[in-house]
Protein chains: 2
Amino acid sequence: MSPKQQRGEATVELLLDAALRLYGQEGEQGLTVSAVTKASGVSLGSLYHHFGSIDGLVDALLMRWLERLLGEMVTALERSRTARTGVRALVRTYLSFVREHPAAGRLLHSSHADRLGMAQAKQLRDTQEARLTPLAGWLQRHVDKGEIAPLAPPLLESLVLGPVIGVSRRWLAVGDVDLDEAARVLPERIWRSVSTDGA
Amino acid sequence: MSPKQQRGEATVELLLDAALRLYGQEGEQGLTVSAVTKASGVSLGSLYHHFGSIDGLVDALLMRWLERLLGEMVTALERSRTARTGVRALVRTYLSFVREHPAAGRLLHSSHADRLGMAQAKQLRDTQEARLTPLAGWLQRHVDKGEIAPLAPPLLESLVLGPVIGVSRRWLAVGDVDLDEAARVLPERIWRSVSTDGA
DNA sequence: TGTACATCAGTGAACGCGCGTTCACTGATGTAC
DNA sequence: TGTACATCAGTGAACGCGCGTTCACTGATGTAC
């Protein structure tokens, strides 16, 4: 799957970069074989040599950016000692990632991502295990400590990431939301929704 | 746009129903002209007579179901007196809508919906004005009363609907979440995140 | 009530276009001896 | 260090398929007089 010669890696890089650029400009319908080859300057045959199909290329692109996002989130968590600072850091990390990589953000919210999550849930979890294990572990520790409410993990995930994704999608699609304000306000309110304390 | 003879309405109904059914079974790529005509039994020419294009049909389908969802949410709100019961009712209404109409839920979360929201934000707001005005009014009233935190409306919307959409998407795509548990747990936790009270 | 006529609704063959993919081939790279 | 060779990487013409759309036409409906 991965190139065994140096020039191969450069080609793969050119293709993935061009694909993301196109996705940012044109959306899903911009990701055609001819558009990607033209934008990257790489030949049609090379694309097929490295990715096998256009879906293979898109899957690889998704994986690459999912790994980067998860990597940043794990890093943010590892710097946090309490559950509260951790949750707040997650929220801020996600928002700044999307601000910095809007096209990647769009991609990760797209139906391609859903399709990948559906078709290859197991494979995805294997591939991203290095990222997901620390996340799950951190969560479990703070649930055990009684700081985070003992809900099913998907519910906790939705409570934390749901509003962040909502704001991100809106910022990307409509633009009528202030990311700075969101980064100021959301972390504490989201923390409230998953903490054990309170009302 | 809308049919001027009775039999026209029936045809439109057949087409929209078939399209939703296909979308539920096959996803976006199932929504082709030939698939819709075959599944509906309606001729190709009739489809173009009523909708002008396949995108026109999909847009109409989206509008129809968006209106139904918003309608149910407005109804739920009108039955609620306090901000807390209102927010909780919104959450539960959304979840039961998705449970009852999974294909429509998928459609409303799709990139088609984003595209519509982006391209026609203004037109959408005009078309759905009858639904959106009561929602915005309800929100403003309870912000004024000091029950709901005075945040920008898109942020409030994300805090309330974000987790619900997150859970719905996950239920639709992966299925590893219990909607009953979500309906039990989420309303109160979401309420916490938007209420003025507390920590 | 009857008739003429404009409009609406429905039909399906035909078209062209752009898509993803294949394939036979050339050239570059790295390795074994 | 030199050479032979297997493998990897890159190339682009060609293909076929399914897509959305057009269009000339027939039939049904409703309305005016």
Side-chain angles (χ1 to χ4, degrees), chain A residues 1-23 25-62 64 107 110-112 115-116 119-120, chain B residues 1-23 25-62 64 107 110-112 115-116 119-120:
Chain A
M1 202 66 183
S2 52
K4 315 203 170 171
Q5 289 182 7
Q6 281 195 348
R7 60 185 179 141
E9 288 183 35
T11 304
V12 163
E13 210 69 16
L14 283 172
L15 286 167
L16 291 177
D17 289 352
L20 184 69
R21 213 177 325 124
L22 281 167
Y23 189 87
Q25 289 163 11
E26 318 275 345
E28 312 198 38
Q29 58 209 12
L31 282 189
T32 67
V33 172
S34 72
V36 171
T37 53
K38 190 179 298 179
S40 64
V42 172
S43 78
L44 181 56
S46 278
L47 191 159
Y48 277 84
H49 176 70
H50 287 290
F51 296 105
S53 70
I54 187 70
D55 282 337
L57 187 152
V58 175
D59 287 355
L61 189 63
L62 264 167
R64 152 183 285 212
L107 183 67
S110 74
S111 57
H112 280 118
R115 194 165 42 73
L116 196 71
Q120 318 184 349
Chain B
M1 203 65 183
S2 52
K4 314 204 171 170
Q5 290 182 8
Q6 281 195 350
R7 59 185 181 143
E9 288 182 35
T11 304
V12 163
E13 209 70 15
L14 283 173
L15 285 167
L16 291 177
D17 288 353
L20 184 69
R21 214 177 324 125
L22 280 167
Y23 189 87
Q25 289 163 11
E26 318 274 347
E28 314 198 37
Q29 57 210 11
L31 282 190
T32 66
V33 172
S34 72
V36 172
T37 53
K38 190 178 299 179
S40 63
V42 172
S43 78
L44 182 56
S46 278
L47 191 160
Y48 278 84
H49 176 71
H50 287 290
F51 294 106
S53 70
I54 187 71
D55 283 336
L57 187 152
V58 175
D59 287 355
L61 189 64
L62 265 167
R64 152 183 286 212
L107 183 67
S110 75
S111 56
H112 279 118
R115 195 165 44 70
L116 196 71
Q120 319 184 348

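Below, chain A is the first sequence line, B the second, and so on; all start at residue 1. Quantities reported herein were computed from a predicted structural model and do not represent experimental measurements.
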Think Ser43(A) has a side-chain N or O under 4.0 angstrom from the OP1 or OP2 of dG10(D)?
no
Would you mind reading off the distance between Glu9(B) atom CD and dC8(C) atom P, rounded to a whole angstrom?
15 Å
Distance col, row Leu47(A):CG vs Leu14(A):CG, nearest 0.5 angstrom, shows 11.5 Å
How does DNA chain C look in dot-bracket notation if pairs are Watson-Crick or G-U with both distances under 3.5 Å, crossing ones as [ ], other-strand ones as |?
.||||||||||||||||||||||||||||||||
Ser53(A) side, atom OG; Asp59(A) side, atom CG - distance, nearest 0.5 Å:
7.5 Å
Sorted by first residue and then second, give each salt bridge (charged side-chain N to carboxylate O under 4.0 Å, His left out) pair with at least one member in residues 8-17 of chain A; sequence neighbours left out.
Glu13(A)-Arg64(A), Asp17(A)-Arg64(A)
Here the gap from Leu62(B) atom CG to Leu107(B) atom CG, rounded to the nearest 0.5 Å, amounts to 4.0 Å
Starting at CD of Gln29(B), measure out to OH of Tyr23(B) and round the result to the nearest 0.5 Å.
10.0 Å
Working to the nearest 0.5 angstrom, can you tell me the gap between Ser46(B) OG and Leu15(B) CG?
7.5 Å
What nitrogen or oxygen pairs link the protein and nucleotides 24-28 of chain D at under 3.5 Å?
unit_1: dG27(D); atom_1: N2; unit_2: Arg7(B); atom_2: NH2; d: 2.8

What pairs of nitrogen or oxygen atoms, one from the protein and one from nucleotides 14-20 of chain D, lie under 3.5 Å apart?
unit_1: dG20(D); atom_1: OP2; unit_2: Val33(B); atom_2: N; d: 2.7

Do Ser110(A) and Glu28(A) pair up side chain to side chain, a donor and an acceptor below 3.5 Å, judged on atom types alone?
no
Distance test, side-chain N/O of Ser46(B) to OP1/OP2 of dT11(C), below 4.0 Å:
yes
Between Ser111(B) and Ser111(A), the two heavy atoms sitting closest are OG-OG, 4.1 Å
Which one, dT11(D), dC8(C), dA9(D), comes nearest to the side chain of His49(B)?
dC8(C)
Write down the distance between CG (Leu47(B)) and P (dT11(C)), rounded to a whole number of angstrom.
11 Å
Exam field: side chain Thr37(A) to backbone Val33(A), donor-acceptor pair closer than 3.5 Å
yes
If you measure from CZ on Phe51(B) to CG on Leu61(B), what distance do you get to the nearest 0.5 Å?
8.5 Å
Residue pairs meeting salt bridge (charged side-chain N to carboxylate O under 4.0 Å, His left out), one or both in residues 30-46 of chain A, sequence neighbours left out, come to none
Going by heavy atoms closer than 4.0 Å, what residues in residues 13-23 of chain B are next to DNA chain D?
none
